[in-house]
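A quick write-up on the structure given underneath.
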Amino acid sequence: MAAGDTLVAFDALANLPPASNYATLALRGDFVVLRFSSSGNQRAAFVAVAPSVYSGNGVTCVVHYTTETATSGAALLRLSVTPIAPGESLESPTAAPQNAEATLTAPSAAGDLAEQQSLSMPLSSASKGQHFMLSAERLASDPSDTLADGLEIVSIELKES
């Protein structure tokens, strides 16, 4: 694949919520979104298989989002990729997660689609055909998170770097 090509995309319904502190499903018009509250850190998780066309050079994460009602402020989002090797326990993968953080600025009107494209991270420890987990966590308790209400994620794309 060429740099910039989409390897995998996750919409809100692909979320495999953790046991606690999870983002909730909500509707924005006819679109299902994952709503991350401003009252505490919440997380969403997605599982995929690294495509056979993946070159191993890393990925760029593109987050497509909006806000519940806010038109100012910014949310702090941490994205983590955890490779899961064959034979590993799904309850406690041994590979350390690879993290990237981004500030997602509120769009000028709540409900308008915005995107953040500058999140580069290695996925080199996940081999072609190997499972991995992508986690997205809003760090609402961090002082850098100034978004007064819900962050709504529409989708997350992983593109070839």
Side-chain angles (χ1 to χ4, degrees), residues 1-28 30-68 75-104 113-142 145 150-161:
M1 289 195 102
D5 287 348
T6 299
L7 295 167
V8 64
F10 303 102
D11 67 10
L13 293 174
N15 177 37
L16 302 171
S20 62
N21 301 326
Y22 48 86
T24 58
L25 291 176
L27 285 175
R28 171 62 70 177
D30 290 335
F31 290 86
V32 178
V33 297
L34 282 171
R35 185 172 292 152
F36 294 76
S37 169
S38 61
S39 63
N41 294 4
Q42 291 184 321
R43 193 168 69 89
F46 310 90
V47 173
V49 173
S52 61
V53 294
Y54 174 55
S55 69
N57 292 328
V59 295
T60 299
C61 298
V62 182
V63 180
H64 304 271
Y65 67 96
T66 190
T67 57
E68 190 173 0
L76 185 60
L77 189 70
R78 175 183 296 137
L79 293 166
S80 302
V81 176
T82 305
I84 305 167
E88 257 187 285
S89 169
L90 294 176
E91 295 176 8
S92 56
T94 57
Q98 300 157 345
N99 300 316
E101 290 183 3
T103 301
L104 306 180
L113 187 63
E115 70 177 42
Q116 170 60 272
Q117 301 191 62
S118 60
L119 302 170
S120 294
M121 60 192 340
L123 186 56
S124 55
S125 57
S127 304
K128 296 174 185 181
Q130 184 179 359
H131 282 85
F132 66 91
M133 178 180 285
L134 172 69
S135 297
E137 181 179 13
R138 179 175 179 189
L139 304 176
S141 62
D142 189 292
D145 188 311
L151 171 70
E152 297 178 339
I153 291 183
V154 177
S155 62
I156 300 174
E157 279 181 273
L158 297 181
K159 293 185 174 191
E160 186 86 33
S161 290

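Bear in mind the structure is a predicted one, so any value in this text is a computation, not a measurement. FYI, the numbering just counts along the sequence from 1.
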For a quick test of reading the model, state the closest non-hydrogen atom pair linking A45 to M133 and the distance between them. CB-SD, 4.0 Å
Can any side-chain N or O of N41 pair as donor or acceptor with the backbone N or O of S141 at less than 3.5 Å? yes
Does E152 offer a backbone N or O that forms a donor-acceptor pair with the side chain of E68 under 3.5 Å? no
Just do the side chain to side chain contact (heavy atoms under 4.5 Å, CB included) check on T82 and F132 with the steps written out, would you? CA-CA 5 Å; T82 305; F132 66 91; over 6 Å; no
Is it true that a side-chain atom of R35 and a backbone atom of A26 form a donor plus acceptor pair closer than 3.5 Å? no
Which heavy atom in V47 sits nearest to a heavy atom in F10, and how many Å separate them? O-CE2, 3.8 Å
With no hydrogens and no angle check, do the side chains of Q42 and S37 hold a donor and an acceptor under 3.5 Å apart? no
With respect to R138, which candidate in I153, L151, N21 satisfies the side chain to side chain contact (heavy atoms under 4.5 Å, CB included) definition? L151
Just how far is it from atom NE2 of H64 to atom CD of E115, taken to the nearest 0.5 Å? 5.0 Å
Answer yes or no: is there a side-chain heavy-atom contact under 4.5 Å between L25 and L13? yes
Between D145 (side chain) and L76 (backbone), is there a donor-acceptor pair under 3.5 Å? yes
Between R28 and T67, is there a donor-acceptor pair closer than 3.5 Å when you use the side chain of the first and the backbone of the second? yes
How close do E88 and P83 get, counting heavy atoms only, and between which atoms? OE1-O, 4.1 Å
Are the side chains of V32 and L27 in touch, meaning some heavy atoms are under 4.5 Å apart? yes
For the residue pair S38 and A140, what are the closest heavy atoms and their distance? O-CB, 3.6 Å
If we check side chain to side chain contact (heavy atoms under 4.5 Å, CB included) with V154, which of these qualifies: V63, L34, D11, L113? L113
State the CG-CD distance between D142 and E101, to the nearest 0.5 angstrom. 7.5 Å
Let's go through L90 and I84 carefully: what are the C-alpha distance in whole Å and the side-chain angles of both, what is the deciding distance for side chain to side chain contact (heavy atoms under 4.5 Å, CB included) to 0.1 Å, and is it a yes or a no? CA-CA 7 Å; L90 294 176; I84 305 167; 3.8 Å; yes
Side-chain donor-acceptor pair under 3.5 Å between S80 and N99, yes or no? yes
To the nearest 0.5 Å, atom CG of N15 lies from atom CG of L134 at 10.5 Å
Using every non-hydrogen atom in the two residues, find where S135 and R43 come nearest and quote the distance to one decimal. OG-NH1, 3.1 Å
Going by side chain to side chain contact (heavy atoms under 4.5 Å, CB included), I156 matches just one of L77, V62, L79. Which one? L79
Between L104 and F36, is there a side-chain heavy-atom distance shorter than 4.5 Å? no
